[in-house]
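Atoms within a ligand are numbered from 1 in the order they appear, just like the ligands themselves.
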Amino acid sequence: MSVSSPVETTSFVTAESTGDWWRDAVVYQIYPRSFADANGDGEGDLAGVIGKLDYLRKLGVDAIWLSPFYPSPLADGGYDVADYRAVDPRFGTMAQFDELVAHAHDAGINIIIDIVPNHTSDQHEWFQKALQAAPGSPERTRYVFQRGKGEHAELPPTNWLSNFGGSAWQPCGDGWYYLHTFAKEQPDLNWDNPEVREEFLDILRFWCDKGVDGFRIDVSHGLAKDLREPLRDRPDPTKMYPQAADGSDPMWDRDAVHDIYRGWRELFNECQPAKYAVGESWTPFSDRVFQYARQDELGAIFDFSLEKAVWNRDEYRHTVERTRRYAIEAGTAPTWVLGNHDVPRIASRLGVPSGTDIEAWVTSDGTEPVIDPAAAARRARAAALIMLGLPGTAFVYQGEELGLPEDFDLRPEELQDPIWERGRHTFKGRDGCRVPLPWTGDRETAYGFSGSGKSWLPQPAWFADYAACLQSDDVNSSLNMYRKAIDLRRCMVRCGDDAALEWLDPDLCGDDGFGWKLPSGMMVLANFSAVHALTLPSEVKMLLCSRADDDHNADSHQVPPESTVWYICR
Ligand code: NOJ
């Protein structure tokens with residue numbers, strides 16, 4: 001088998017050399033409200049998660065990341081936290097949380113929880129007190145209150161816009177406004193205030209003591225606003241990300257934010273073993289993104305480039321190379337993300353026409369993309385084997401292992417995402433990837449989600465076709481492909497101290513493929529062509545093929561159109 005000489009001479013620090021469990025872990029994201037409902041109220045809960053630990057153990061994941069389960073009015077699906085040290089009764093009790101941690105650890109699964117430090121809920125005790133307090137009071141300086149502009153303070157203090165639409169300033173009725181970069185029910189905290197900093201260190205300590213293994217940091221690039229008076233307008237307020245990759249934006253990705261994380265890292269490193277932390281920063285790619293992953297800061301950062309990529313060889317190859325390069329330089333492991341609770345599911349997303357802007361969800365001619373479902377399903381499986389075939393931390397969003405498509409058919413009156421209302425009904429929002437999971441084909445039990453048959457978002461009838469228990473018995477199912485891949489990955493992709501890749505010979509990959517050889521000897525080859533298969537030499541042994549349908553069997557030496565294969569030399 002011919003491989004080109006290694007393009008990468010440096011290897012990144014691996015789990016074996018550091019003892020860091022997360023460096024090549026598979027992390028499964030649970031959106032608790034939509035995962036499994038044990039108490040029958042139509043919303044998922046912690047007892048539901050406990051009931052599915054065996055499923056997760058069989059899937060082979062190393063950790064689960066729980067999206068917020070804290071007391072919350074759910075103005076933004078729980079990312080509006082009213083109490084950071086408690087469990088919302090609708091999701092269970094603290095005793096159940098403790099039980100979950102203990103059972104998960106018994107099953108060899110680590111627990112990562114979500115921390116939401118940019119904003120609280122407007123129902124948080126601090127914000128309620130702030131509303132009642134006078135301008136300039138200590139209660140108000142925990143948040144960002146500003147007097148409005150104009151003769152009667154009738155104008156917002158700046159042109160800053162909310163990520164969910166409209167001004168980021170909510171009038172209080174007395175000439176003062178408070179900042180909310182998301183929904184108005186999510187007032188931004190003032191991270192210049194030492195009390196805020198102390199409070200979050202204390203919250204993190206609380207959960208470290210509870211035995212969690214790591215944290216996912218929401219809006220990690222947003223904490224340190226430039227609040228020097230007078231506040232500055234943004235050159236183009238419609239851009240919800242830093243406008244120049246130099247820390248000059250008054251809202252996003254400012255240098256000061258890194259001090260906060262250095263303090264957090266000290267705390268995390270006091271624990272044995274040190275706690276994991278991964279930041280969430282939706283910014284255009286720049287080397288600044290990986291500053292969050294420096295080892296004296298969070299240590300890891302999501303790279304959403306694959307989530308934004310359309311199905312295109314060059315885009316994927318470029319993304320993979322770039323993410324690896326930057327991760328290596330930052331001394332961290334690359335993170336691979338195909339989906340989460342904020343974007344249309346990959347099993348639909350990859351069926352959009354080429355040229356679609358995934359973030360804006362528009363095609364090159366400005367229309368809404370029409371999805372090719374069969375292509376999307378094939379490509380999603382191929383993308384999964386790309387992701388799972390790469391050293392680094394792979395994140396799997398609940399339902400991704402089932403090949404579950406996006407539900408685009410929710411009716412306006414069913415939508416709960418604040419984006420729908422705040423965006424004046426221009427964008428349906430993110431509910432389509434948050435519909436409760438199908439576990440069985442039984443409609444009476446909300447497809448196994450809830451014994452009561454209730455489901456906080458309605459599930460379409462076609463969810464039955466994707467049910468986990470049906471897939472479990474089908475050797476060719478998406479679920480079984482994930483199980484095999486995660487199992488193989490454990491020995492073939494977790495590759496000791498040297499995680500360097502050798503890119504496969506372009507002759508082998510043709511015009512539409514790319515691939516790599518791992519130090520274990522396993523090779524990964526992805527074929528992006530919709531029509532042509534690639535042919536492998538006869539001496540190789542196939543380990544896994546993303547297209548195990550009737551037309552393509554894993555024993556052949558073909559890399560079918562729109563597929564990824566894993567193989568070794570005999
Ligand atoms: C990112 C979260 O993933 C998203 O769901 C949420 O709406 C925003 N942060 C605000 O917290």
Practice task
Decide whether the shortest distance between a heavy atom of Trp282 and an atom of ligand 1 is less than 4.0 Å.
Solution key: no

Practice task
Determine the interplanar angle of the Trp439 and Tyr55 rings, folded into 0 to 90°, and report it as parallel if under 30°, tilted if 30 to 60°, perpendicular if over 60°.
Solution key: perpendicular

Fill in the blank from the handout: Per-atom filter on ligand 1: closer than 4.0 angstrom to a heavy atom of Val219 are 9 (N)

Practice task
Please work out whether the ring planes of Phe302 and Phe395 are parallel, tilted or perpendicular, with thresholds of 30° and 60°.
Solution key: perpendicular

Practice task
Could you tell me the residue and atom name of the protein heavy atom closest to atom 6 (C) of ligand 1, and the distance to it rounded to 0.1 Å?
Solution key: Asp76 OD2, 3.3 Å

Exercise for the section: Identify the heavy atoms of Ala130 and Phe145 that sit nearest to each other, and give their distance. Expected result: CB-CE1, 3.9 Å

Handout entry: Identity and separation of the nearest protein heavy atom to atom 2 (C) of ligand 1
Key = Asp218 OD1, 3.1 Å

Practice task
Go through ligand 1 atom by atom and flag the ones less than 4.0 Å from a non-hydrogen atom of Arg434.
Solution key: 5 (O)

Problem - Within the 6.0 Å centroid threshold, strictly below: Tyr178 and Phe127 - result: yes

Exercise for the section: Give the contacting part of Phe164 toward ligand 1: side chain, backbone, both or neither, where contact means a heavy-atom distance below 4.0 Å. Expected result: side chain

Exercise for the section: Could you check whether the rings of Phe408 and Trp361 sit parallel, tilted or perpendicular, using 30° and 60° as the cut-offs? Expected result: parallel

Exercise for the section: Classify the angle between the aromatic ring planes of Phe200 and Tyr84 as parallel (below 30°), tilted (30 to 60°) or perpendicular (above 60°). Expected result: perpendicular

Exercise for the section: Enumerate the atoms of ligand 1 whose separation from the nearest heavy atom of His119 is less than 4.0 angstrom. Expected result: 10 (C), 11 (O)

Practice task
Do me a favour and list the nearest non-hydrogen protein atom to atom 3 (O) of ligand 1 with residue, atom name and distance?
Solution key: Asp342 OD2, 2.5 Å

Problem - Gln29 near ligand 1 by a heavy-atom separation under 4.0 Å - result: no

Handout entry: Any side-chain heavy-atom pair of Glu368 and Phe427 under 4.5 Å
Key = no

Problem - Ligand-residue contact atoms, ligand 1 with Arg430, heavy atoms, under 4.0 Å - result: 4 (C), 5 (O), 6 (C), 7 (O)

